[in-house]
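When a ligand or atom number is given, it counts from 1 through the structure's own listing order. Only this structure's heavy atoms are used, side chains among them; waters, hydrogens and symmetry mates stay out.
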Amino acid sequence: MRIIKDIASLQTFLKPLKQAAKTIGFVPTMGNLHDGHLSLVEASKKQADITVVSIFVNPAQFGANEDLATYPRTFEEDCRQLQQLQADVVFAPDNKEIYPDDVKKHTQVKISHLSEQLCGITRPVFFQGITTVVCKLFNIVQPDLAFFGEKDYQQLLCIKQMVNDLYIPVAIIGVPTVREESGLAMSSRNNYLSAEKKQKAALLQQQLQWLCAQVQAGGKDYTNLEDQVKQQLDNTGFKSDYISIRRQSDLATPEKNDNELIILAAAMLDNTRLIDNITFKKKDELCN
Ligand code: PAF
């Protein structure tokens, strides 16, 4: 496995592989890898000839009061895990390599509308920071396939829209969320939680499952059901941000005859922001 820190060397390494018609799979990460990330690498290993994993803690997607300084950085351990999975390249640029000039004067890629709801309300720079860096990384790596976790569903849809709107020639593959035994979705930020709080954090997924069951059973007053879940979470020590039932394809408010739905949630537990979702099909008889 090669560890490459600059763009020119990465492109020199990839050029002959592309000329030999090898397919390039790309897994962008911010490091501190857990089983969720590793499942993306495994998916890439299965579907592409060469797997490139980037590790870059992207400052542009953190708000002023967020955890950029304390975000867990575990480069050596990450490389050890990637080596075990036989990733081909780790691309680990520093800030100057990705943002050589003042970030504030930099070109930004912004997905209007989709990025301005749900997480985009409390984190106004978040998605713009993500789509900007992912667009840069796509242009640097020029992968055939790129893999993203479905836990970050709004991010996944923003990236799908970006490649579609900007004609970026890469197939975006969503990979199912990997969970702890408790049901808690894996996330680097779970490391901020004590063992006891991690156990409590699993309540978020349980509440989503309850809400899903209510809709499946014919519950129609979505706002009321969402409020009940918020109340339940807030009563058990969470500070809920949003619980929202949406259409899977574009996160719009569902119409009566939409049957592929998703419930998305974000909540703080202590100072840790947790997000999760559940996708489901509403029974056909409830759509008429
Ligand atoms: O999902 C992440 O880890 C990040 O948002 C990403 C896609 C690597 C961009 O920095």
Side-chain angles (χ1 to χ4, degrees), residues 7 10 25-44 51-63 66-75 77-79 81-82 87 89-95 97-99 103 106-111 114-115 118-120 122-141 143 145-163 166 168 170-178 185-192 264 266 272-277:
I7 297 169
L10 179 70
F26 179 43
V27 181
T29 80
M30 299 207 298
N32 193 237
L33 305 182
H34 50 67
D35 287 354
H37 296 111
L38 301 184
S39 73
L40 305 180
V41 177
E42 279 162 357
S44 175
T51 292
V52 179
V53 180
S54 66
I55 296 181
F56 178 64
V57 181
N58 172 35
Q61 70 191 71
F62 288 79
E66 292 182 1
D67 55 346
L68 173 61
T70 53
Y71 195 84
R73 289 158 171 89
T74 49
F75 186 68
E77 175 58 14
D78 293 346
C79 288
Q81 298 195 75
L82 292 172
V89 184
V90 176
F91 176 51
D94 64 11
N95 283 350
E97 190 70 5
I98 298 296
Y99 300 108
V103 181
H106 204 282
T107 302
Q108 300 284 337
V109 179
K110 179 173 178 190
I111 310 300
L114 185 57
S115 73
L118 301 168
C119 282
T122 29
R123 307 187 72 191
V125 300
F126 182 53
F127 290 113
Q128 187 166 327
I130 290 171
T131 39
T132 300
V133 82
V134 171
C135 184
K136 279 165 160 289
L137 291 168
F138 282 171
N139 285 332
I140 293 166
V141 178
L145 308 162
F147 297 83
F148 293 86
E150 288 174 354
K151 190 201 103 198
D152 301 303
Y153 195 85
Q154 194 177 2
Q155 162 174 289
L156 175 64
L157 286 198
C158 282
I159 288 163
K160 282 187 174 168
Q161 188 181 329
M162 173 182 79
V163 303
L166 301 181
I168 302 176
V170 52
I172 304 300
I173 318 282
V175 178
T177 305
V178 178
M186 292 212 179
S187 161
S188 299
R189 288 195 169 96
N190 292 350
N191 288 334
Y192 297 147
L264 304 108
T272 303
R273 186 178 168 84
L274 304 169
I275 62 168
D276 203 353
N277 64 68

Please tabulate, line by line, the atom pairs linking an N/O of ligand 1 to a protein N/O at a distance below 3.5 Å, with the distance in Å to 0.1, or answer 'none'.
unit_1: ligand 1; atom_1: 1 (O); unit_2: Q155; atom_2: OE1; d: 3.4
unit_1: ligand 1; atom_1: 1 (O); unit_2: Q155; atom_2: NE2; d: 2.9
unit_1: ligand 1; atom_1: 5 (O); unit_2: Q61; atom_2: NE2; d: 3.0
unit_1: ligand 1; atom_1: 5 (O); unit_2: Q155; atom_2: OE1; d: 2.8
unit_1: ligand 1; atom_1: 10 (O); unit_2: Q61; atom_2: OE1; d: 2.7

Roughly how far, to the nearest 0.5 Å, is CD1 of I55 from OG1 of T29? 4.5 Å
Could you tell me whether a side-chain N or O of Q81 sits under 3.5 Å from a main-chain N or O of L38, the two making a donor and an acceptor? no
For K136, which residues count as a side-chain hydrogen bond (donor to acceptor under 3.5 Å, both in side chains) partner, sequence neighbours excluded? H106
Partners of F138 by ring pair (Phe, Tyr, Trp, His ring centres under 6.0 Å), sequence neighbours excluded? none
Pairing residues for N95 by the side-chain hydrogen bond (donor to acceptor under 3.5 Å, both in side chains) criterion, not counting sequence neighbours: none
Which value, rounded to the nearest 0.5 Å, describes the distance between I98 atom CD1 and T132 atom OG1? 12.0 Å
